[in-house]
There are 2 protein chains.
Amino acid sequence: MTATNGGPTGTRQDTVAAVVRQWQSVHPDLDTAPMEIIGRINRCAALLQQAEDAPLRRAGLSRPEFDLLGALRRTGHELTPSELARETFSSGAAVTKRLKLLTERGLVERRGDSRDRRVAHLRLTDAGRELVDGTLPEQLDYETAVLSGLDPHRQHELASLLGELLSQLEGRLGALRG
Amino acid sequence: MTATNGGPTGTRQDTVAAVVRQWQSVHPDLDTAPMEIIGRINRCAALLQQAEDAPLRRAGLSRPEFDLLGALRRTGHELTPSELARETFSSGAAVTKRLKLLTERGLVERRGDSRDRRVAHLRLTDAGRELVDGTLPEQLDYETAVLSGLDPHRQHELASLLGELLSQLEGRLGALRG
DNA sequence: AGCAAGTGTTTTACTCGTGAAACATCCTCG
DNA sequence: CGAGGATGTTTCACGAGTAAAACACTTGCT
């Protein structure tokens, strides 16, 4: 009955596998393979977001906020709101809101462009940079721990496959039309 | 300068790789390996959610709504609101709201338990079941197309690694404490 | 110069999800 | 039997994101 599994390597079943099995038994004709990737990515993302953000929350930051600060830190120079939106994959409106909060908290400073008075330039304050630099190592340690159930070889393999998928998606999406 | 890459296999770089490179150059001491998995999972999930839901939206359903209907369909029997919440990994409040809309749309029916008058039992109406059965194949076809950039062998590999990661996460998360 | 079109940013109105409290009902045990 | 606590579900108040409109400014054209 449980024939799809590779072998008795002690691998406990994940919830997505169970869901897929249910669908198979209701619609044996359907090719449910995509669920095993997409369903798992979604579920992993959800679980990781819950777990992963613990060190960030301790620093009083949400992940989107940290992403914004991180973009400023890692690029090493000022960014405009629209650049921040691109860099963090969020909408301009969301960036505006976050910037408002983060500047109020003194983590980010705003400077108007002298030539073009529409645009703003954002940079980290000292406090902001210290917060990022202090939080990032903890965050990475925590993420390392979260992933430690997978041995290094598999982690590398997974990272590489995800990279391939992602670069395909980033290149091709938008070309597809439902 | 660009030494970490495996080889010139023609693989276009994904955005996460670029972000990781930036961090490396700012903090060469940090182990950024987890980002290559977690960052990519998050980014894939975001991209997939945008793309992937096209056939669902045509059916007038959001993904959470479809997940709810799908849970009823694939289990094949009635479910209570709390079972639906568990099954779709969402909060009870969210399930209540979705059920309200879906029953108003005539896709789901509610029946009170005769013994315990607190609990409700939900089932698909004929219209609901037809909608699920009509939409799922299109959805799967679409997902297949979205993933088609990866050859079948790699898809299988990826699914399997994600399954391992997910079952680790589902088992271990909560045991970790930031 | 001065207007139209374009671009960068913010505001607005709205949707959706959440946790906590409220509500309804059941169960247990004195 | 009836109070107290547990359990299933819904309501409430709120936070966060979005698309589209509004706003502010620049640029190019005549």
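All heavy atoms count here, side chains included; hydrogens, waters and symmetry mates do not. In what follows, chains are A, B, ... by sequence order, proteins preceding strands, each numbered from 1.
Every side-chain contact (heavy atoms from CB on, under 4.5 Å) that B/A71 has, sequence neighbours left out, goes to B/R74, B/L79, B/L84, B/E87, B/T88. Legend: residues meeting side-chain contact (heavy atoms from CB on, under 4.5 Å) with B/T135, ordered by chain and number and at least two apart, are B/L56, B/A59, B/F66, B/L131.
Against DNA chain C, the stretch residues 60-73 of chain A makes no heavy-atom approach under 4.0 Å.
Residue pairs meeting the salt bridge (Lys or Arg N to Asp or Glu O under 4.0 Å) criterion with at least one partner in residues 23-33 of chain B, sequence neighbours excluded, do not occur; the list is empty.
For DNA chain D, the contact window with chain B, defined by any atom under 4.0 Å from a protein heavy atom, covers D/dA6 to D/dT11 in 5' to 3' order.
At least one donor-acceptor pair under 3.5 Å links the side chain of B/Q155 to the backbone N or O of B/L150. Checking side-chain atoms of A/R129 against main-chain N and O of A/R73 turns up no donor-acceptor pair under 3.5 Å. For the pair A/S160 (side chain) and A/H156 (backbone), a donor-acceptor distance under 3.5 Å is absent.
We find that B/E65 and B/R98 are not joined by a salt bridge, their nearest charged nitrogen and carboxylate oxygen being 4.0 Å or further apart.
Mapped onto DNA chain D by nearest heavy atom, A/S114 and A/A94 fall at different nucleotides, with A/A94 at the one closer to the 5' end.
Annotation: side chain of B/L107 is not in contact with side chain of B/L124 (no heavy-atom distance under 4.5 Å).
Note: CZ (B/R98) to C1' (C/dT15) measures 13 Å, nearest angstrom. Note: CD (A/Q50) to P (C/dG17) measures 15 Å, nearest angstrom. Separating the CG atom of B/L101 from the P atom of C/dT15 is a distance of 11 Å, rounded to the nearest angstrom. Spacing between atom CG of B/D116 and atom C1' of C/dA24 amounts to 10 Å, rounded to whole angstrom units.
Residue-environment remark: CZ (B/R105) exceeds the threshold of 12 foreign heavy atoms within 6.0 Å. Environment of CZ in A/R57: sparse, with no more than 12 heavy atoms of neighbouring residues, nucleotides or ligands closer than 6.0 Å.
For the 3.5 Å distance criterion, the side chains of B/E143 and B/Q139 qualify, holding a donor opposite an acceptor.
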Extract from the structure each pairing of a protein N or O with an N or O of nucleotides 9-13 of chain C at less than 3.5 Å, listing the distance.
residue	atom	partner	partner atom	Å
C/dT9	OP1	A/A120	N	3.1
C/dT9	OP2	A/S82	N	2.9
C/dT9	OP2	A/S82	OG	2.0
C/dT10	OP1	A/R110	NH1	2.7
C/dT10	OP1	A/R110	NH2	3.2
C/dT10	OP2	A/T96	OG1	3.1

